[in-house]
Amino acid sequence: MAPSPTGFLHIGNVRTALFNWLFARHEGGEFRLRIENTDTSREVEAATQQIQDSLRWLGLDWDGDVTFQLDRMEETAEVARRLVEEGKAYEDEGAIRFRMPDEGVTAWDDVVRGRVEFPNEQLEDLVLVRSDGRPTYNFASPMEDVWDRITHVIRGEDHISNTPKQVNIIRAIGAEPPVYAHVSHVLGADGKSLSKRHGSVTVDEFKHAGYYAPALMNFLALLGWSYDDKTTIMSPEELVERFSLERVVPSPATFDYDKLDWMNGVYLRTLAPEEYADELVRYLREAGHDWDEELVRRAAPIVQEKIERFGQFPDFAGFLFRDIEPGPALRDGAADVVSAARDELARVEPFAAAQIETTLRDLASRLELSPRKAFEPIRIAVTGSKVSPGLFESIELLGRDKTLERLSAAAGPARA
RNA sequence: GGCCCAUUCGUCUAGUGGCCUAGGACACCGCCCUCUCACGGCGGCGGCACGGGUUCGAAUCCCGUAUGGGCCUCCA
């Protein structure tokens, strides 16, 4: 994986990184991380750290130290000088250019695309070393592939037309090119390259939105790859065991946020309750919500079946932790239900979901109201919303004092 | 403009000449379950870009067209 340190890691690049990682882990090989920083003008200060944090969060661990392309400036310059001596390159206004063949074709067997051929007459004599001495990407990259004994280069399809150039350079120094696999791009719903306007695009944004890393990994793996005709939910371990480059398709994939949300929900619902609570607590802490951890843990079970992203928790269950805005206006007669509920709940013992449910259902039938009708105003009064976790569990967690307080406020001064 | 890559339901995909009356998943619609919202169950809608070949037979092979994308930097 060889990102350039120009900003946050884009989800399309992460998908490519994932394929590299899955392939390496499946084959028992190494997954290497190299920072392509030969363009010093575009380098962004914190990007190198961000890239590593993002990969770690997703669960992509690399082997050995991170390497930096510019660190081998001396070696690449040396090779360039040798190529000039051998007549395979030449100086041009202070820079060094590689002499590309003029006839025939340069070809390779791409693992995802099959045989790809380029007419050599299309190949320009590319700059190897800039006039200021820094190597260019198209020179440094293949050289490092050789020095690091990279066996497989899995990268985006935008590199297809760079490949014949790199192949020629590698052959010129008497080495064998690695195996290449060019994967397609990831697009937004409008068919254009995925960008900000489509939604989250950086790993950080997905993290902050409350996605669960294994779910995101699963989703990304299925963008351009499949195991068979029906398997969709696969743990990281299963993905590693089943992945193969041969099953990567060459056509571009559109990022479907709805499907990601669904898949994330599947993962969250499958988590053991304690694990779910742990993840939720960690998410809220990192999102800056300084809420009582004990209460968050008690609330976890009643939201696990309901939300598909941790990011939905504040809106969905925030009424447990902070004051609520006045809810929608109560319909005619609703105030009576609310104040009756307040009177009943003032006496319930113990103040627990089961007893609360019995009490409120009895109240509904006494008032000759359907549960649906009777509970709506109570829900709005207590949670501030028409949509919430289970009413009885919510009331238990809120506690008697706050529940009565909110019911009184909603019933209005007349009965308060 | 040149070269290269791609093209199966709205989306992700299965499919490698007969198993295809094209399978699965998300989304959408309907019904059931139900304290809201979800979950779950059942059912439905919906596709091989187009045109020529090759073949007894093509989603699958070949050619062309169209559409989309990439590259053509002393960017990566």
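Throughout, protein chains are lettered first and strands after them, A, B, ... in sequence-line order, and every chain is numbered starting at 1.
- Computed from coordinates, the A/L220 CG to B/U13 P distance equals 12 Å when rounded to whole Å.
- Comment: A/R130 does not engage A/D132 in a salt bridge, judged by the lack of any side-chain N to carboxylate O separation of less than 4.0 angstrom.
- Relative orientation of the A/H182 and A/Y180 rings is parallel, given thresholds of 30° and 60° on the angle between their planes.
- Salt-bridge formation is not detected for the pair A/D125/A/R99: no Lys NZ or Arg NE/NH1/NH2 atom is positioned less than 4.0 Å from an Asp or Glu carboxylate oxygen.
- B/A14 and B/U34 have their P atoms separated by 40 Å, with the value rounded to a whole Å.
- Across the P atoms, B/G24 and B/U7 are found 23 Å apart, a figure rounded to whole Å.
- Under the Watson-Crick or G-U wobble criterion, with both distances below 3.5 Å, B/C3 is paired with B/G70.
- Glycosidic conformation, B/C56: anti, with the torsion outside 90° of 0.
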Under 4.0 Å protein heavy-atom contacts per nucleotide of nucleotides 19-35 of chain B, with B for base, S for backbone only and - for none: ----BSBBS-------B

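- Within 3.5 Å, no donor on the side chain of A/K373 pairs with an acceptor on the base of B/U36, nor the reverse.
- If you check B/A25 for Watson-Crick or wobble pairing at under 3.5 angstrom, you find it paired to B/U11.
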Criterion side chain to side chain contact (heavy atoms under 4.5 Å, CB included) on A/I395 and A/F351, from CA distance to verdict: CA-CA 9 Å; A/I395 289 175; A/F351 199 75; 3.5 Å; yes

Nucleic acid footprint by protein, nucleotides 65-76 of chain B - heavy-atom cut-off 4.0 Å, B for base, S for sugar-phosphate alone: ----SSS--BBB

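- Contact between the side-chain N/O atoms of A/T254 and the OP1/OP2 oxygens of B/C12 is found at a separation under 4.0 Å.
- The nucleotide B/G46 finds no pairing partner, because no Watson-Crick or G-U wobble arrangement with both distances shorter than 3.5 Å includes it.
- Across the protein-nucleic acid pair, A/R115 atom CZ and B/C5 atom P stand 12 Å apart, rounded to whole Å.
- Within the 4.0 angstrom heavy-atom criterion, only backbone atoms of the sugar-phosphate kind lie near A/R247; the bases stay farther away.
- Figure legend: A/R242 and A/Y227 shown as a cation-pi pair, the cationic atom lying under 6.0 angstrom from the six-membered ring centre and within 45 degrees of its axis.
- Between the CG atom of A/N264 and the P atom of B/A38 there is a distance of 17 Å, rounded to whole Å.
- The side chain of A/F316 sits closest to B/C37 out of B/C5, B/C37, B/C3.
- A distance of 14.5 Å separates CZ in A/R15 from CE in A/M217, rounded to the nearest 0.5 Å.
- Straight-line distance from the OH atom of A/Y267 to the P atom of B/A38: 23 Å, rounded to whole Å.
- When both distances must be under 3.5 Å, the Watson-Crick or G-U wobble mate of B/A58 does not exist.
- In summary, A/R32 and A/D145 do not engage in a salt bridge, as defined by a charged side-chain N under 4.0 Å from a carboxylate O.
- At whole-Å resolution of the value, CD1 in A/I233 and C1' in B/C12 are 13 Å apart.
- A salt bridge links A/R34 with A/E36: the distance from a Lys NZ or Arg NE/NH1/NH2 to an Asp or Glu carboxylate oxygen falls below 4.0 Å.
- Using a cutoff of 4.0 Å between basic side-chain nitrogens and carboxylate oxygens, A/D63 and A/R25 are scored as salt-bridged.
- Here the P atom of nucleotide B/C37 and the CZ atom of A/R269 are 16 Å apart, to the nearest Å.
- As a whole-Å value, the separation of A/W225 CH2 from B/U11 P is 22 Å.
- Base pairing annotation: B/C33 forms no Watson-Crick or G-U wobble pair, as no partner gives both donor-acceptor distances under 3.5 Å.
- Using a cut-off of 4.0 Å between Lys/Arg side-chain N and Asp/Glu carboxylate O, A/D401 and A/R406 are scored as not salt-bridged.
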